[in-house]
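Have a look at the structure below before the remarks.
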Amino acid sequence: MKNPSCVLTIAGSDSGGGAGVQADARTIHALGGFAAMAITAITAQNTRGVSAWRAVPADLLTAQIQAVLDDLPVAAIKTGLLPGAAAVRAVAKALRRRPGIPLVIDPVLGSTSGTRFLPPAGLRALRRELLPRAALVTPNRPEAEALTGLRIRTDAEVEAAGRRLLSEGCQAVLIKGGHAAGPVCRDCLVVPGRKPVWFKGRRIRTRNSHGTGCVLSAAIAWHLARGDPLVAAIRKARAFLMRGLAGGRRARLGHGAGPAFLG
């Protein structure tokens, strides 16, 4: 039997199971891969929001990453919630040992319910120390605005924000369009020296949208681990997410925003 592609997810733990390492692992395993995990923070949350959280000490975060990389055949890495500058620096330092492994950064700055995870110092550290290591950064529009300082309302402003993020040193940027209005969800991929690529799909109306960013970035990381080119990896990951949203829209888990993918 061939070994499954191994992806290391470095993210927070969601006690409600809808986002964070739980969503990442569920996604990677559903696609046929194997998920290893380094937990950055413990959150007390459910479908209605975050009630408490604590960051994992930086030395323990480093130890988790090193333990995985020293033993498992990691073929891609993704990051999610990084709770402050110390966590960002710990991840950046640990990943210097494996510069050839593609890194997908989902820059989780806060929760949908309003909890802020990454303070300004952490945001600066992310831009300076980790974005230059990334094969792909996947911010939504509010996250892209926070990372660039640019206002995003139009397609031209989306593309400008993508180019600004490229100037930080990352290889590619996918700005997600889930926060924009309209019946079509449009994501924009910006890479150096090429025309931006827009991915379009019918917006699925569902209350079960918690963890969509985690699912998408984890699926992209898995496809990169398999050796797919970036555009193909994004197309396949978007299709996977859309199937999950469509298939789970009738589910009723909890009293708030249920998990985006139940597979």
Side-chain angles (χ1 to χ4, degrees), residues 2-11 14 16-37 47 74-81 101-108 112 134-141 143 172-180 183-189 191 197-251 253 257-263:
K2 184 179 179 181
N3 287 335
S5 297
C6 182
V7 178
L8 168 61
T9 169
I10 304 171
D14 175 355
V21 295
Q22 287 83 357
D24 293 343
R26 194 163 60 247
T27 297
I28 293 161
H29 292 160
L31 287 166
F34 180 82
M37 289 159 276
T47 62
V74 174
I77 301 167
K78 72 141 289 191
T79 64
L81 189 166
I101 302 176
L103 170 66
V104 177
I105 296 178
D106 183 19
V108 178
T112 303
L136 178 68
V137 184
T138 64
N140 57 37
R141 289 192 179 192
E143 291 163 346
V173 179
L174 181 71
I175 298 182
K176 300 171 291 188
H179 285 74
V184 176
C185 185
R186 304 167 70 244
D187 303 336
C188 180
L189 175 66
V191 297
V197 178
W198 285 87
F199 302 87
K200 304 176 184 179
R202 179 177 59 85
R203 189 181 299 275
I204 297 171
R205 302 295 179 182
T206 175
R207 71 192 288 270
N208 298 322
S209 58
H210 184 47
T212 51
C214 303
V215 172
L216 181 66
S217 56
I220 293 172
W222 182 82
H223 282 290
L224 293 178
R226 297 266 296 175
D228 286 340
L230 180 59
V231 172
I234 293 170
R235 290 193 191 282
K236 293 175 183 178
R238 290 182 86 255
F240 175 82
L241 174 60
M242 294 303 147
R243 289 194 300 271
L245 286 168
R249 59 186 164 185
R250 295 185 182 277
L253 287 178
F261 169 61
L262 298 171

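Any value given below was found using the heavy atoms of this structure, including those in side chains, with hydrogens, waters and symmetry copies removed.
Contact check for V197 versus C188: no side-chain heavy atoms found under the 4.5 Å cut-off. N3 is not listed as a side-chain neighbour of F34, based on a closest heavy-atom distance of 4.5 Å or more. Counting heavy atoms from C-beta outward, I234 and L174 have side chains that approach closer than 4.5 Å.
Of all the heavy atoms in L253 and T47, the pair that sits closest is O-CG2, 3.4 Å. Taking every heavy atom of both residues into account, D106 and K176 meet most closely at OD1-NZ, 3.5 Å. In plain terms, the two heavy atoms of H210 and A257 that are nearest each other are CB-O, 3.5 Å. Listed here is the closest heavy atom pair of A225 and A76: CB-CB, 3.7 Å. Between K200 and R186, the shortest heavy-atom contact is CE-NE, 3.8 Å. Residues A25 and M37 share a closest heavy-atom pair of CB-SD, 4.2 Å.
Remark: R238 pairs with D187 by the side-chain hydrogen bond (donor to acceptor under 3.5 Å, both in side chains) rule, at least two apart or across chains.
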Quiz prompt | L136 and L230: CA distance, side-chain angles, deciding distance, side-chain contact (heavy atoms from CB on, under 4.5 Å) verdict | solution = CA-CA 9 Å; L136 178 68; L230 180 59; 4.0 Å; yes
Exercise. Before giving the answer on side-chain contact (heavy atoms from CB on, under 4.5 Å), spell out for I10 and I77 the whole-Å C-alpha distance, their side-chain angles and the decisive distance to 0.1 Å.
Key: CA-CA 8 Å; I10 304 171; I77 301 167; 3.8 Å; yes
Quiz prompt | Full working for side-chain contact (heavy atoms from CB on, under 4.5 Å) between L189 and W198 | solution = CA-CA 6 Å; L189 175 66; W198 285 87; over 6 Å; no
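Formation of a donor-acceptor pair under 3.5 Å by the R202 side chain with backbone atoms of C185 is not found in this model.
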Counting only pairs under 3.5 Å, give me each side-chain donor-acceptor contact of residues 212-224, with atom names and distances, residues two or more places apart or in other chains.
| from | atom 1 | to | atom 2 | distance (Å) |
| --- | --- | --- | --- | --- |
| S217 | OG | K78 | NZ | 2.9 |
| S217 | OG | G213 | O | 2.9 |
| S217 | OG | C214 | O | 3.2 |
| H223 | ND1 | D228 | OD2 | 3.0 |

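In this structure, CD in Q22 is found 11.5 Å from OG1 in T27, a value given to the nearest 0.5 Å.
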